[in-house]
Visitor: 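A single structure is presented below for examination.
Quick note on labels: first sequence line is chain A, next is B, and so on, each numbered from 1.
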Amino acid sequence: DALSGGDLSAAIEEVEELLILSDMGMETVESVVDTLRSRTKRSDNAVQVLKEILVEHLKEVETSETIFSELPHVISVVGVNGTGKTTTIGKLSKMYSSLGKSVVVASGDTFRAAAVEQLKHWCEQTGAEFISQGHGADAASVAFDAVNHALSKKKDLVIIDTAGRLHTRHNLMEELKKIHRVVARLIEDAPHEVLLVIDANTGQNGLMQARKFLDAVRVTGIILTKLDGTAKGGIVFAISRELGIPVKYIGIGEKLEDLRPFDPEMFVEALLS
Amino acid sequence: MFESLQEKLGRAFRILSGKGRITEKNIEEAVRMVKLSLLEADVNYKVVKEFINRVLEKAVGEEVLRSFSPDQQFIKIVRDELISVLGEKISRLELQSNPSKVVLVGLQGTGKTTSCAKLAYRLKSQGKKPLLVAADVYRPAAIDQLEQLGKQIGIPVCSGDRKNPLGIIRQGIEDATRNVNDVIVFDTAGRLHVDEDMMSEVREIVKIVKPDEVLMVVDSMMGQDAVTSANKFNDALELSGFIVTKLDGDARGGVILSIRHVTGKPVKFVGISEKVDGLEVFHPDRVAGRILG
Ligand SMILES: Nc1nc2c(ncn2[C@@H]2O[C@H](COP(=O)(O)OP(=O)(O)OP(=O)(O)O)[C@@H](O)[C@H]2O)c(=O)[nH]1
Ligand SMILES: Nc1nc2c(ncn2[C@@H]2O[C@H](COP(=O)(O)OP(=O)(O)OP(=O)(O)O)[C@@H](O)[C@H]2O)c(=O)[nH]1
Ligand SMILES: [Mg+2]
Ligand SMILES: [Mg+2]
C-alpha cells in the first residue's frame, strides 16, 4: 500500500519539519499534515498537494480589493513595537497617492523618541498631508484632528499611525480603543480598516498578538513585514485558521515601493522554497 | 487549559505509572510533551532535537525509571539542562580598554537604538562617562531618535556628518578621546544577514572600532528563523553576546535557548520595558521557567 510506503512517510516527515521551521506552529502543522496524508497517494506529488492545501487555507479568508465605501476612508495601523508600522504607512501613502487618492496621515505615535520626525520624513517623500500635534500630545486628539481635517477638506483617505504597544499592556490597549472610539464619533464606521502589522520573524507569539488586538479592536487585516529576510511568516496560517483574519499586504524591504498586495500562491511558493 | 509543563508531566507520569512501575514508554511520552512545549515556546526545531537527546541520555543515566518520583526527577533534568545551556552564571560586560567600545548590531526593529541608550544610562549610573555614537544613516530620524534619548539621560551623542557611517564612528572615537569618555556605545542600522552590502559595512565598522563587546540585539518574540541570522552575524563579526528585548511581553522566549545553543555566546542583558531604565542583567533560571511554560 503506497501510503505506508517508506517514501511517502519520509516525504511527509520532511514536509512537517519544513512547516515547523516556517513558524506555522505544531497544531496547524499537524492539521495540514493530516490533510496531506489523506489526500496524497504517492510521494512524488506530495509537494503539489501540499501547495494546494496551503493555498486553499489562505483563500478561505481571502478578501476582495479594498473599496472606499465612504470618504474619507480611514485606516488605523496597529501592532507591537518595531514591526514596521510607520514605514508601512509611508508605503501605503505612496501606493494610494499614485492611484490618485488624496492622503492624510495622522502622527499618532506621540510617545516614542523621534516617531513624529520619522513619519514626517515619509510624508514629505510621498506628498501625503501630515497632521501632528508633536511629541507628548494625546494620540486620540491627533487622530480626531486628522479625520476632521479630511472631512472638511474632502480628502479621500486618512491613515493613522499608532505607537508600538505590547498586547500585554492593558492601559495601552485601552488607549488604542479610545483612539478608535474618538474617530468613530466623527464617522460611525471608522476606522474602516484596522491593519495589524506583524513581523515575519515572529514566532507563536504572533498568534497571541492577533488574538489580543482582535479582542481590543476590530482588526480587519494583517500586513506581514520583513519577508525580504529569511523568515517565512508561517504564523499567518495559524492566525487565519483560528481568527479568520486575512493578510492584505506584505512588506519586502525598507523603501517606499517595497509593498505588495498579498498573493496566496506566491506566498506559499516562497514558504516551500 | 493553562497547565504548566510541570503539571502536565506530573499528570502523565501518574496516569502512565498508575498500572505499576514506569516504563520506557512513559519516558517517551514525557519526552514528547517536553518537545511540544519547547516548540510552542519557539525553540528552534533542530535545537529541540539535540536538547531532547541530551535529556534522554541524562534520564537513562540517572535511572529515572527506578526513581520514587519520576516526574519530578525528569522535570529537574530538563530544567537543569536548560539552565546549563542558557548559561549558568550571569555574564557581565567586559570593558578592558580605555575608552572601552560596545557595538550593537542586529535585524530591523529589534530594539538596538533604545538598548544603546539603556546601556549608556546603566553605565552612567555605574559612574562611567559614556558617549553614544549614532551610526544609522539609513532609517529616517534614527539619529534624531538617539539624540533625543541622549538628551533625556544627559549623555552626549556623536553624529558626525550624519551621512557616512564609517566617518561618524571615527568622529566618535576622536570625540571620546578628546572629552575623556571612558566607554563608547555605537548604534548601527538594522540590517538583514542576507544583505551582502550591509553585512560588509558592519564588518568594516567592527574592524575600525575594534570593540570590547559586539552585542547582537534580538527580539524575544522571534521564531524558528532566529538561528539563521544569529549564526550569520556571529560568523561575520564574532559576537561577544546578545541583548534580548521586549521580555515584558508574553513571548515564551525560546529564541534565547536557540541562539545560545547554536552560537555558544552569552545573553548579557534583557530589555524589559521601553524606558531607558528598562535593562536588566540576564537571569538564566528566570528565563528557563518562562521557556518551559
Ligand atoms: N527589511 C525590511 N525592513 C523593514 C520592513 N518594514 C519595516 N522595516 C524596518 O523595520 C524597522 C522598524 O520599522 P518602523 O516602521 O519604525 O516600525 P514601527 O512598527 O513603526 O516601530 P514602533 O513605532 O517603534 O513600534 C525600520 O528599520 C524599518 O526600515 C520590511 O518589509 N523589510
Ligand atoms: N516593550 C518594549 N519595547 C521595546 C524594548 N526595546 C525596544 N522597544 C521598542 O521597540 C521599538 C523598536 O526599537 P528601536 O530601538 O527603534 O529598534 P532598532 O533595532 O533600533 O530599529 P532599527 O534601527 O529600525 O533596526 C520601539 O518602539 C522601542 O520603544 C523592550 O525591551 N520592551
Ligand atoms: Mg512607528
Ligand atoms: Mg535603530
Visitor: Is the shortest side-chain heavy-atom distance between B/I168 and B/V133 below 4.5 Å?
Guide: yes

Visitor: Enumerate the residue pairs fulfilling salt bridge (Lys or Arg N to Asp or Glu O under 4.0 Å) with a member in residues 133-153 of chain B, sequence neighbours excluded, ordered by first and then second residue.
Guide: B/D144-B/R162, B/E147-B/R162

Visitor: Determine the option with the most heavy-atom pairs under 4.5 angstrom with chain B, choosing from A/S22, A/G82, A/G25.
Guide: A/G82

Visitor: Using non-hydrogen atoms and a limit below 4.5 Å, what part of residues 225-234 of chain B faces chain A?
Guide: B/D225, B/T228

Visitor: Using heavy-atom distances under 4.5 Å, tell me whether B/I143 contacts chain A through its side chain, its backbone, both, or neither.
Guide: neither

Visitor: Would you mind checking which part of B/L146 comes under 4.5 Å of any heavy atom in chain A, side chain (CB onward), backbone (N, CA, C, O), both or neither?
Guide: neither

Visitor: Which of the residues A/T83, A/I235, A/T230, A/L119 is involved in the greatest number of heavy-atom pairs with chain B at under 4.5 angstrom?
Guide: A/T230

Visitor: Tell me, side chain or backbone of A/Q209 under 4.5 Å from chain B's heavy atoms, or both, or neither?
Guide: side chain

Visitor: Salt bridge check: are A/K120 and A/E117 linked by an N-O gap of less than 4.0 Å?
Guide: no

Visitor: Knowing that exactly one of A/T88, A/T86, A/V78 qualifies, which makes a side-chain contact (heavy atoms from CB on, under 4.5 Å) with A/D161?
Guide: A/T86

Visitor: Counting only N and O atoms by type, is there a donor-acceptor contact under 3.5 Å from the side chain of A/T110 to the main-chain atoms of A/A137?
Guide: yes

Visitor: If you count heavy-atom pairs under 4.5 Å with chain A, which of B/K46, B/Q148, B/H193, B/R252 comes out on top?
Guide: B/Q148

Visitor: Please check if the number of heavy atoms outside A/R169 that lie under 6.0 Å from its CZ is greater than 12.
Guide: no

Visitor: Quick check on B/D42 against chain A: is it the side chain, the backbone, both or neither that has a heavy atom closer than 4.5 Å?
Guide: side chain

Visitor: Which of the residues B/S220, B/G190, B/A141, B/G111 is involved in the greatest number of heavy-atom pairs with chain A at under 4.5 angstrom?
Guide: B/A141

Visitor: With only heavy atoms counted, which part of B/N44 is less than 4.5 Å from chain A, the side chain, the backbone, both or neither?
Guide: side chain

Visitor: At a heavy-atom separation under 4.5 Å, does A/E254 approach chain B through its side chain, its backbone, both, or neither?
Guide: side chain

Visitor: Please classify the contact between B/E274 and chain A as side chain, backbone, both or neither, with a heavy-atom cut-off of under 4.5 Å.
Guide: side chain

Visitor: Return the option, out of A/H135, A/H121, A/K232, A/K212, with the maximum number of heavy-atom pairs under 4.5 Å with chain B.
Guide: A/H121

Visitor: Between A/E174 and A/K177, does any side-chain N to carboxylate O distance fall below 4.0 Å?
Guide: yes

Visitor: Against chain B, label A/V116 side chain, backbone, both or neither, depending on which of its atoms sit under 4.5 Å from a heavy atom there.
Guide: neither

